[in-house]
2 protein chains.
Amino acid sequence: MTLSNKSTKKNTTQQKHPHYVDCDNCSMQAICQPIGSDNQAIDLTNNYLTRRVEVSAEQSSLLPKTPSTCPTLFDQASPLTAIFAVCSGTFKLCQKNDAGIEKIVGFRFPGELMGEDALFLERYNYSAVALGDNSVCEVFVEPLSACSQLAPELQQNLIQLLTKQSYEQQRNAHAITGKKSADCLLAAFLLNICQRNAKHSGSESVFELTISRQDIACFLGIRRETLSRLLSKFQHEQLINLNGKQLTLLSLNQLKKLANL
Amino acid sequence: MTLSNKSTKKNTTQQKHPHYVDCDNCSMQAICQPIGSDNQAIDLTNNYLTRRVEVSAEQSSLLPKTPSTCPTLFDQASPLTAIFAVCSGTFKLCQKNDAGIEKIVGFRFPGELMGEDALFLERYNYSAVALGDNSVCEVFVEPLSACSQLAPELQQNLIQLLTKQSYEQQRNAHAITGKKSADCLLAAFLLNICQRNAKHSGSESVFELTISRQDIACFLGIRRETLSRLLSKFQHEQLINLNGKQLTLLSLNQLKKLANL
DNA sequence: GTTTAAATTTGATGTAGATCAATAAAAGAG
DNA sequence: CTCTTTTATTGATCTACATCAAATTTAAAC
């Protein structure tokens, strides 16, 4: 187990999110494990890594709830200081275009990265907002860069991480874009989020949907009314079941058929 | 000038594409220039780089014209051997999903990369097809990898290249996805391709459109009939002019307004 | 608990773009 | 050059989704 005592303590004080990701299933793994496979492995990670930092709505509970005090991990266009891996909870990634119109460009679940695509411009490409009480691992870029100059293996791992991310990014984009009908789009989305959460939620077909209808609709590029109608339709057709926030996919096969066609 | 004599010769024997990209404007630059800024710079590039390879429809002119003999640079799912930069011409990138439905996931213009996102899986994620008579620079991955083990600076440059690509990829995706109306989508697309070609075509508002209507429509996710109607509408509204393959954007401002809203 | 506000669902109607169908214009073949 | 095939444009209709509007549920505030 790679967690420090401090982190474990945090885990016991807050039980709302039982689904912490294993380090083994985390995309950050390439750069946050001690390098070298022998017994004399050096652990450089202390220089740049902080594990399980909480990012919660409660952090700012004393302040009035305005958009500016919402639980934002980092803001679009601000200078890159660290890249993050989600430990628990869900984040939404928002991007404003030149015209100032805000769009949700993605969601991040445990084991997934945020901010790593800012390494080029050294400014974040989107804002990351916590949906509920979340936690993240934080990798500070400056010391990471310094360490990777010294350790070729770390640098190699960083390349591996970046190429993997590039691939994942494209794959997720492809899962959504180019779907014609809204049915198709929604089916693809539901399958996508359940699959991405399968490893730590324990099931491929059950997921706690903390994302609001508004946010899902915005991400998919449809109206919330349309989304609502479709969810109802899917439920009537026994494709899914929605019980509060608990989403269950009842027929993976039928959903896949819908999503691919 | 960084081109070899051989390359320059090729340039004179084939005049159909006057718009070869400058190496200075090419995304491959980080890894295809001699490293070290001093006079004793070593040139490792001979080990893995071949400049200006032609990829043309004419290559296979003796064979019957079937889809299988079309000028494909590489095929989706085949093992990664090299990554490419476009020197001249236009490529379309096609991707088949699990259901076997083919989609155009992008176009590549001079100075842009192809196949670099295959470094993780070591298999190409899409097929690259030349539209007309094109040329590319070819970087063989195995020797590149070997060289980068020896030269930390090259490895650093490779990281830079990958992070830049990740950023560009996301930016281009964002330019297209999430646009509601087809007008908006088309305006964004026209601006995008003209901008990406501005440096080597010499103009931000003129572009030789070698891509077929079918391919554009497929990429944008609309029907060719709709595309046709929109192009006619744009022409009536004096937003663009189409003369054969010559596309001219008549009002960048109005197009931008259309694209952003 | 009650009250208020926000989020979600359901209903009625309008419109953008798909689909079907027919020309028209380019591009190849001989 | 003519003939054939492919690609692009224009027209008529149909449908999925957006939009406007109201009801209902859920969550937050007190």
Side-chain angles (χ1 to χ4, degrees), chain A residues 16 57-58 60-67 69-71 92 104 131-133 178-187 189 208-237 240-247 258 261, chain B residues 16 57-58 60-67 69-70 92 101 104 131-133 178-187 189 208-237 240-247 258 261:
Chain A
K16 289 182 188 174
E58 319 225 327
S60 49
S61 60
L62 296 176
L63 299 168
K65 283 254 168 100
T66 69
T69 56
C70 72
K92 66 173 177 183
I104 292 177
L131 304 177
D133 299 335
K179 302 290 182 192
K180 14 160 234 326
S181 70
D183 307 53
C184 184
L185 203 64
L186 179 59
F189 175 74
E208 203 198 329
L209 196 62
T210 52
I211 311 170
S212 73
R213 303 297 144 95
Q214 172 65 63
D215 282 348
I216 296 173
C218 173
F219 175 64
L220 295 179
I222 60 178
R223 306 265 94 188
R224 43 177 196 270
E225 294 96 327
T226 304
L227 175 65
S228 212
R229 275 181 247 275
L230 284 178
L231 286 171
S232 302
K233 200 183 95 187
F234 280 20
Q235 204 151 8
H236 286 139
E237 290 170 351
I240 65 168
N241 188 270
L242 263 169
N243 190 351
K245 293 201 175 306
Q246 183 97 345
L247 167 71
L258 243 180
L261 193 77
Chain B
K16 289 182 187 173
E58 318 225 329
S60 50
S61 60
L62 297 176
L63 299 168
K65 285 253 167 101
T66 69
T69 57
C70 74
K92 67 173 175 182
I101 294 169
I104 293 176
L131 305 176
D133 299 334
K179 303 290 182 189
K180 11 159 237 323
S181 71
D183 307 52
C184 185
L185 205 62
L186 179 59
F189 175 74
E208 203 199 328
L209 197 61
T210 52
I211 312 170
S212 72
R213 302 296 143 94
Q214 172 64 62
D215 282 348
I216 296 172
C218 174
F219 176 64
L220 295 179
I222 60 177
R223 305 265 94 187
R224 40 176 196 272
E225 295 96 325
T226 305
L227 175 65
S228 214
R229 276 181 248 274
L230 283 178
L231 285 171
S232 303
K233 199 183 97 187
F234 279 20
Q235 204 152 8
H236 286 140
E237 289 170 352
I240 65 168
N241 189 271
L242 262 169
N243 191 350
K245 293 203 174 305
Q246 183 97 345
L247 167 71
L258 243 179
L261 192 77

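Below, each value reflects all heavy atoms present in this structure, side chains not excepted, and no hydrogens, waters or symmetry copies. Because the structure is a prediction, the values reported are computed rather than measured.
- With rounding to the nearest 0.5 angstrom, the OG1 atom of B:T226 is 11.0 Å from the NZ atom of B:K233.
- Considering only the side chain of B:E225, C:dA21 comes nearest among D:dA21, D:dA8, C:dA21.
- When the P atom of D:dA18 is taken as reference, atom CD1 of A:I222 falls 6 Å away, rounded to whole Å.
- Within the model, atoms CG of A:L185 and CZ of A:F189 stand 9.5 Å from one another, a figure rounded to the nearest 0.5 Å.
- At a threshold of 4.0 angstrom between heavy atoms, the contacts of A:Q214 are confined to the sugar-phosphate backbone, with no base atom among them.
- Distance, B:R229 CZ to C:dA24 P: 16 Å, rounded to whole Å.
- Taking CD1 from A:I104 and NZ from A:K92, the interatomic distance works out to 4.5 Å, rounded to the nearest 0.5 Å.
- Remark: P of C:dA24 and CZ of B:R224 are 18 Å apart, rounded to the nearest angstrom.
- Here B:T226 does not reach the OP1 or OP2 of C:dG17: none of its side-chain N or O atoms lies under 4.0 Å away.
- Note on B:S228: every side-chain N or O is 4.0 Å or more away from OP1 and OP2 of D:dT10.
- Rounded to whole Å, atom P of C:dT9 lies 11 Å from atom CG of A:L230.
- At a threshold of 4.0 angstrom between heavy atoms, the contacts of A:L227 with the nucleic acid are absent.
- Rounded to whole Å, atom P of D:dC17 lies 12 Å from atom CG of A:L220.
- Between the C1' atom of D:dA8 and the CD1 atom of B:I211 lies a distance of 16 Å, rounded to the nearest Å.
- Distance, B:R223 CZ to D:dA16 P: 15 Å, rounded to whole Å.
- Spacing between atom CZ of B:F234 and atom C1' of D:dT9 amounts to 16 Å, rounded to whole angstrom units.
- Annotation: side chain of B:I216 is in contact with side chain of B:L209 (closest heavy-atom distance under 4.5 Å).
- For the pair B:Q235/B:L242, a side-chain contact is recorded, criterion being any heavy-atom separation below 4.5 Å from C-beta on.
- Across all strands shown, B:D215 has no heavy atoms under 4.0 Å from either base or sugar-phosphate atoms.
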